[in-house]
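Everything on this sheet refers to the single structure shown next.
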Amino acid sequence: MYNFNVENIENIGKVFLHCIFVVIGIFISPLFHALTPTNWISIFAILVPTIFSVIAINQTKKSALNSEKIIEEANRPYIVPHVEISTSGRFIKYLSIRNYGKTAGKILTITFYGELDKYHNNNQLKSLNQRTFAPQQNITSEFETDFSNIVSCEIKYVSLITNKIYTEKFELNFDTVNFLWSKEKEISANPADNVPQAIYEATTQLIKTLK
């Protein structure tokens with residue numbers, strides 16, 4: 001008995017299509033022989049513009065899709081984490097997360113692959129989940145100054161305009177062992193001596209928030 005599996009059915013279908021084309025060719029071949037040069041010219045006069053029209057429509061469709069993609073890429077959110085260092089005052093190391101895009105985006109999940117410092121290792125910054133970032137909005141979190149790991153990070157976020165979801169991975173390098181531009185200032189035993197430094201640090205924090 002013949003085995004009608006998927007491969008055999010496909011082969012039978014191919015043979016059947018070939019037979020149909022052969023039969024059609026047999027029936028229309030006399031018509032081709034009966035065509036005069038004028039008939040052939042008329043046929044080509046119809047076919048050539050039709051072919052070029054189909055090609056033009058396909059090119060227009062591709063151009064429209066490319067334009068749509070360019071517009072989407074130009075106006076989508078870009079939520080990016082990076083390590084930031086305070087270069088004046090007391091030495092401060094931050095993890096900064098900013099939306100560099102032109103539209104708002106919401107973080108769905110943020111995942112770190114590797115240990116963070118003692119302040120962040122337990123919570124893993126989960127409070128950022130489901131948080132909306134307006135264009136150019138920036139959130140920072142201070143890390144230990146001696147934390148020097150390289151940590152992989154994955155952020156999954158959604159555009160609030162198109163509802164398109166983006167998943168991106170980043171490498172965060174907290175290593176500052178060769179950075180020599182500043183060092184941490186010792187805290188004086190006299191509280192009055194620390195007032196100027198406290199004012200300076202508060203001003204620095206305010207500037208970082210507003211920039």
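- With respect to Lys93 and Glu84, no salt bridge is recorded, no charged nitrogen being found less than 4.0 Å from a carboxylate O.
- Note that CZ of Phe143 is 13.5 Å distant from NZ of Lys118, once rounded to the nearest 0.5 Å.
- Here the side chain of Arg98 pairs a donor or acceptor atom with the backbone of Gln136 at under 3.5 angstrom.
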Quiz prompt | Stepwise side-chain contact (heavy atoms from CB on, under 4.5 Å) test for Val83 and Ser96 | solution = CA-CA 6 Å; Val83 178; Ser96 177; over 6 Å; no

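- A 4.5 Å side-chain heavy-atom check between Thr60 and Ser63 finds every atom pair outside the cut-off.
- How far CZ of Phe170 is from CD1 of Ile110: 9.0 Å, rounded to the nearest 0.5 Å.
- Taking hydrophobic clusters as Ile, Leu, Val, Met, Phe, Trp and Tyr residues chained together by side-chain heavy-atom distances below 4.5 Å, Phe133 does not share a cluster with Ile161.
- Here the closest heavy-atom approach between residue Phe147 and residue Leu116 is recorded as CE1-C, 3.5 Å.
- Note that OH of Tyr157 and CD1 of Ile165 are 12.0 Å apart. Values are rounded to the nearest 0.5 Å.
- The closest side-chain donor-acceptor pair between Tyr119 and Glu142, if any, does not fall under 3.5 angstrom.
- Other residues, nucleotides and ligands contribute over 12 non-hydrogen atoms within 6.0 Å of the CD atom of Glu154.
- A donor-acceptor pair is defined here as one N or O able to donate and one able to accept, closer than 3.5 Å; such a pair exists between the side chain of Thr103 and the backbone of Asn75.
- The heavy-atom pair separating Pro135 from Gly101 by the smallest distance is CB-O, 3.5 Å.
- Side-chain N or O atoms of Asn99 include none that pairs as donor or acceptor with a backbone N or O of Gln137 at under 3.5 Å.
- Environment of NZ in Lys126: crowded, with over 12 heavy atoms of neighbouring residues, nucleotides or ligands closer than 6.0 Å.
- Between atom CD1 of residue Ile139 and atom CD1 of residue Ile107 there is a gap of 7.5 Å, rounded to the nearest 0.5 Å.
- Within the 3.5 Å criterion, the main-chain N or O of Ala56 finds no donor-acceptor partner in the side chain of Gln59.
- Using a 4.5 Å heavy-atom cutoff, the side chains of Val151 and Cys153 are not in contact.
- In this structure, Arg76 pairs ionically with Glu168, as a charged nitrogen and a carboxylate oxygen lie closer than 4.0 Å.
- Phe174 and Val80 fall within a single hydrophobic cluster, where Ile, Leu, Val, Met, Phe, Trp and Tyr are joined by side-chain heavy atoms under 4.5 Å apart, directly or via other members.
- Between the side chain of Glu73 and the backbone N or O of Ile70 there is no donor-acceptor pair closer than 3.5 Å.
- Taking 4.5 Å as the limit, every side-chain heavy atom of Ile92 sits out of range of all side-chain heavy atoms of Ile85.
- The side chain to side chain contact (heavy atoms under 4.5 Å, CB included) check on Glu171 picks up Ile150, Ser152, with sequence neighbours excluded.
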Exercise. Start with the C-alpha distance between Phe112 and Asn121, add both sets of side-chain angles, then the distance that settles side-chain contact (heavy atoms from CB on, under 4.5 Å), and finish with yes or no.
Key: CA-CA 9 Å; Phe112 295 94; Asn121 198 44; over 6 Å; no

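- Contact check for Lys106 versus Leu160: side-chain heavy atoms found under the 4.5 Å cut-off.
- Between Leu172 and Pro81 the shortest heavy-atom distance is CD2-O, 3.7 Å.
- Counting heavy atoms from C-beta on, the side chains of Leu125 and Leu95 come closer than 4.5 Å.
- Expressed to the nearest 0.5 Å, how far OG of Ser141 lies from CG of Asn123 amounts to 8.0 Å.
- Summarising the geometry, atom CD1 belonging to Ile79 is positioned 12.0 Å from atom OH belonging to Tyr100; distances are rounded to the nearest 0.5 Å.
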